[in-house]
Amino acid sequence: MYKDDTLIFNFVQMSLEKENDYNPARRGQQGNYRKSPLGNAISGLGKLPPQAVDLEEAVLGALMLEKDALSAVIDILKPEVFYKDSHQKIFEAIHMLFQKSSPIDILTVTSQLRQTGHLEMIGGAYYITELTNRVVSAANIEFHARIISQKYIQRELIRISTEIINNAYEDTTDIFDLLDMAEKNLFDIAQNNLRRDSRKMDDIIRESLEALEAIKDRVDGLTGVPSGFTALDRMTSGWQPSDLVIIAARPAMGKTAFVLSCARNASVQFGKPVVVFSLEMSSVQLVNRLISGEAEIEQEKLRKGNLAEWEWQQLHSKIGNLTEAPLFIDDTPALNIFEFRAKCRRLKAQYDIQMIIIDYLQLMHGKGEGKGGGNREQEIGSISRALKSVAKELNVPVLALSQLSRAVESRPGAQKKPMLSDLRESGSIEQDADMVLFLYRPEYYGLTEDEEGRSTIGVGEVIIAKHRNGETGTVPLRFIGKFVKFADLEEDFGGGNPGLGGASPFAGMAPSEDFEKPSNFIIRPSRMDEMDEEPPF
């Protein structure tokens, strides 16, 4: 056989060389036989697409012999994973019978193929009978099915790689579109074919007990990434791994200020690596806010650079903690979900990211070039599902900011507290989220006292409206407008937070005359709160 192949190769090469003799234009070219169709066939002699036709026949035969065989492979096999077209049609017929809860055997499969008009195309009833003669039982059908799936993945990788190579040679190809297409196709292969197996109860219980043993001696009760707010962490035990947390509010309520405070507390106080994806503000603007809160210098002064000498000294002395914090900021505009997923994976691999923050969800796009399939509500729904899958895949909490609808503003008086129905653009946000938090500041609506007559000036409420794994309720926090940050409401001045450690965010601030009543402290709000347009809070 080897000798015959050599003769064929020499014959083709001699023919091509003879053609070059008659065609001067091709005479100077090197290796022309490799550029012709015959040359390609010769140069790739012996290479066939990855396949396992014999296993395909065995699996299809086993599916028609044993009624319970399909249940073992239904989540592994799809029609397209089969190499031969005839095998794809046979499995489609088997799958259709399964959906109709009909029995699966030689006769029913043959009848189904006859109804769809594919019986003769696959080789007739005789070929169906031959498939059942090739296997005795379905004992190893799951193992065989996984091999078939692996061969399909190999073929898909070859197909995608070939497309990428061909497009990369084209001068008209946009490189960013090509990158997005490559990443999307590779992700689709992994998402659609690499499934996690079910786990036995004893394995899960053992893992759960190990986790309980690890946290039993912790006095703070935190099992997730701390927010840095004592009362909030008491209710949530920290931001939990694999949770999707939606933080929603109307403009100017302090969404960005809140998540920046959470990011700062987690990275500076607890050393947890955190990444912030800011689609609305630049990284420099976010860092200026962090500096304002850390150094306790008014945001307005930092924006203008109008600092006194002592303020410069205070700034440089207090930003050391921020400089060394494992906090990452990505301000890529119009980020789509594929870029987001890829960046999160890289950050997890390089820095072991423990929390992901997105500011904000409605500025993301479901597909490349900012064009989502279907309407905007469907696109937002696909984004929220993708965020939840990222949280589960990387086992980290994902905090996503979201806008609320204008329905809040139309409600009278003190009824402006947000509700789940106020979530903007998609009800699937509520469905996909493990927690939904609303930010509410009564002062924003001119309400300076609550129902019990206590001052609400400088007070922000975190309303836990949905908590899949815990309690709901309201946590009051202190909103410090001039430093653009949140802090614990009950913190004492000049001291630290005994529960979480670290200096008090109120350190250096002059208390009011009524020192005994922190709720009566008057905090002058930032001028940003008076803006009509949506400020980058």
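Note that the structure is a prediction, hence the values are computed from the model and not measured.
- With hydrogens and angles disregarded, a donor-acceptor distance shorter than 3.5 Å links the side chain of Gln354 to the backbone of Asp352.
- Between Arg468 and Asp243 no salt bridge is recorded (no basic side-chain N to carboxylate O distance below 4.0 Å).
- Closest approach of Val59 to Ala145, counting heavy atoms only: CG2-N, 4.2 Å.
- The two residues Leu387 and Phe340 have their closest heavy-atom pair at CD2-CE2, 3.4 Å.
- Annotation: side chain of Ile464 is not in contact with side chain of Thr474 (no heavy-atom distance under 4.5 Å).
- Side-chain contact between Val436 and Leu420: present, with at least one pair of heavy atoms (C-beta onward) separated by less than 4.5 Å.
- Across Ile357, Ile246, Leu244, a single residue satisfies side-chain contact (heavy atoms from CB on, under 4.5 Å) together with Leu399, and that is Ile357.
- Remark: the backbone N or O of Trp239 is not paired with any side-chain donor or acceptor of Thr236 at under 3.5 angstrom.
- Atom CZ of residue Phe91 and atom CG of residue Leu60 lie 8.0 Å apart, to the nearest 0.5 angstrom.
- Rounded to the nearest 0.5 Å, atoms NZ (Lys84) and CD1 (Ile122) are 9.5 Å apart.
- Atom CD of Gln51 is separated from atom NZ of Lys151 by 9.0 Å, given to the nearest 0.5 angstrom.
- Comment: Lys343 engages Asp330 in a salt bridge, judged by a side-chain N to carboxylate O separation of less than 4.0 angstrom.
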For Glu57 and Tyr127: C-alpha separation, side-chain torsions, deciding distance, then whether side chain to side chain contact (heavy atoms under 4.5 Å, CB included) applies.
CA-CA 10 Å; Glu57 294 172 346; Tyr127 185 72; 3.7 Å; yes
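- Looking at Ser227 and Asp233, their side chains do bring a donor and an acceptor atom within 3.5 Å of each other.
- The CD1 atom of Ile160 lies 4.5 Å from the CG atom of Asn185; values are rounded to the nearest 0.5 Å.
- Looking at Leu394 and Cys344, their side chains come closer than 4.5 Å, going by heavy atoms from C-beta outward.
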Evaluate the criterion side-chain hydrogen bond (donor to acceptor under 3.5 Å, both in side chains) for residue pair Asn395 and Ser242; output intermediate values, then yes/no.
CA-CA 4 Å; Asn395 197 34; Ser242 78; 4.5 Å; no
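- Contact check on Arg341 versus Glu393 returns a salt bridge, with a Lys/Arg side-chain nitrogen under 4.0 Å from an Asp/Glu carboxylate oxygen.
- A side-chain contact (heavy atoms from CB on, under 4.5 Å) with Val276 holds for exactly one of Ile356, Leu327, Thr256; it is Leu327.
- Nearest heavy atoms, Ile141 versus Ala62: CD1-CB, 3.9 Å.
- Contact check for Val396 versus Pro241: no side-chain heavy atoms found under the 4.5 Å cut-off.
- If you take NZ on Lys255 and CG on Leu260, they are separated by 12.5 Å, rounding to the nearest 0.5 Å.
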Side chain to side chain contact (heavy atoms under 4.5 Å, CB included) assessment of Leu131 paired with Ile90
CA-CA 11 Å; Leu131 289 177; Ile90 294 171; 3.7 Å; yes
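- Between Phe328 and Phe277, the ring centre distance reaches or exceeds 6.0 Å.
- Residues Glu92 and Phe82 have side chains not in contact (no heavy-atom distance under 4.5 Å, counting atoms from C-beta outward).
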Criterion side chain to side chain contact (heavy atoms under 4.5 Å, CB included) on Ile463 and Leu437, from CA distance to verdict
CA-CA 5 Å; Ile463 304 169; Leu437 275 61; over 6 Å; no
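- When side chains are defined from C-beta on, Val398 does not count as touching Val245, because their heavy atoms never get closer than 4.5 Å.
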How far apart are the C-alpha atoms of Asn140 and Glu142, what are their side-chain angles, what is the distance that settles it, and do they pass the side-chain hydrogen bond (donor to acceptor under 3.5 Å, both in side chains) test?
CA-CA 6 Å; Asn140 301 314; Glu142 184 175 350; over 6 Å; no
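- Salt bridge Asp85/Lys89: absent, no basic N to carboxylate O contact under 4.0 Å.
- For Lys272 (side chain) and Pro226 (main-chain N/O), no donor-acceptor pair under 3.5 Å exists by modelled atom type.
- Using a 30° and 60° split on the angle between ring planes, Phe258 and Phe229 fall in the parallel class, below 30°.
- Taking both residues in full, the closest heavy atoms of Cys262 and Met355 are given as O-CE, 4.2 Å, listed atom of the first, atom of the second, then distance.
- Taking every heavy atom of both residues into account, Glu80 and Gln88 meet most closely at O-NE2, 4.0 Å.
- Side-chain atoms of Thr173 come within 3.5 Å of backbone N or O of Asn167 as a donor-acceptor pair.
- Side chain of Thr129 to backbone of Ala125: a donor-acceptor contact under 3.5 angstrom is found.
- Smallest separation of non-hydrogen atoms from Thr108 and Pro103: OG1-O, 2.9 Å.
- Atom CD1 of residue Ile358 and atom CG of residue Leu401 lie 8.5 Å apart, to the nearest 0.5 angstrom.
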Please determine whether side chain to side chain contact (heavy atoms under 4.5 Å, CB included) holds for the pair Leu279 and Asp359, giving the CA-CA distance in whole Å, both sets of side-chain angles, and the decisive distance to 0.1 Å.
CA-CA 6 Å; Leu279 285 74; Asp359 182 12; over 6 Å; no
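- When atom types are taken as modelled, the side chain of Ser149 and the backbone of Arg146 share no donor-acceptor pair closer than 3.5 angstrom.
- Looking at heavy atoms from C-beta onward, Glu120 lies out of side-chain contact with Arg114 at the 4.5 angstrom threshold.
- Residues in residues 157-170 take part in these salt bridge (Lys or Arg N to Asp or Glu O under 4.0 Å) pairs, two or more places apart or across chains: Glu156-Arg159, Arg159-Glu163.
- The shortest side-chain heavy-atom distance between Pro49 and Ile158 does not fall under the 4.5 Å cut-off.
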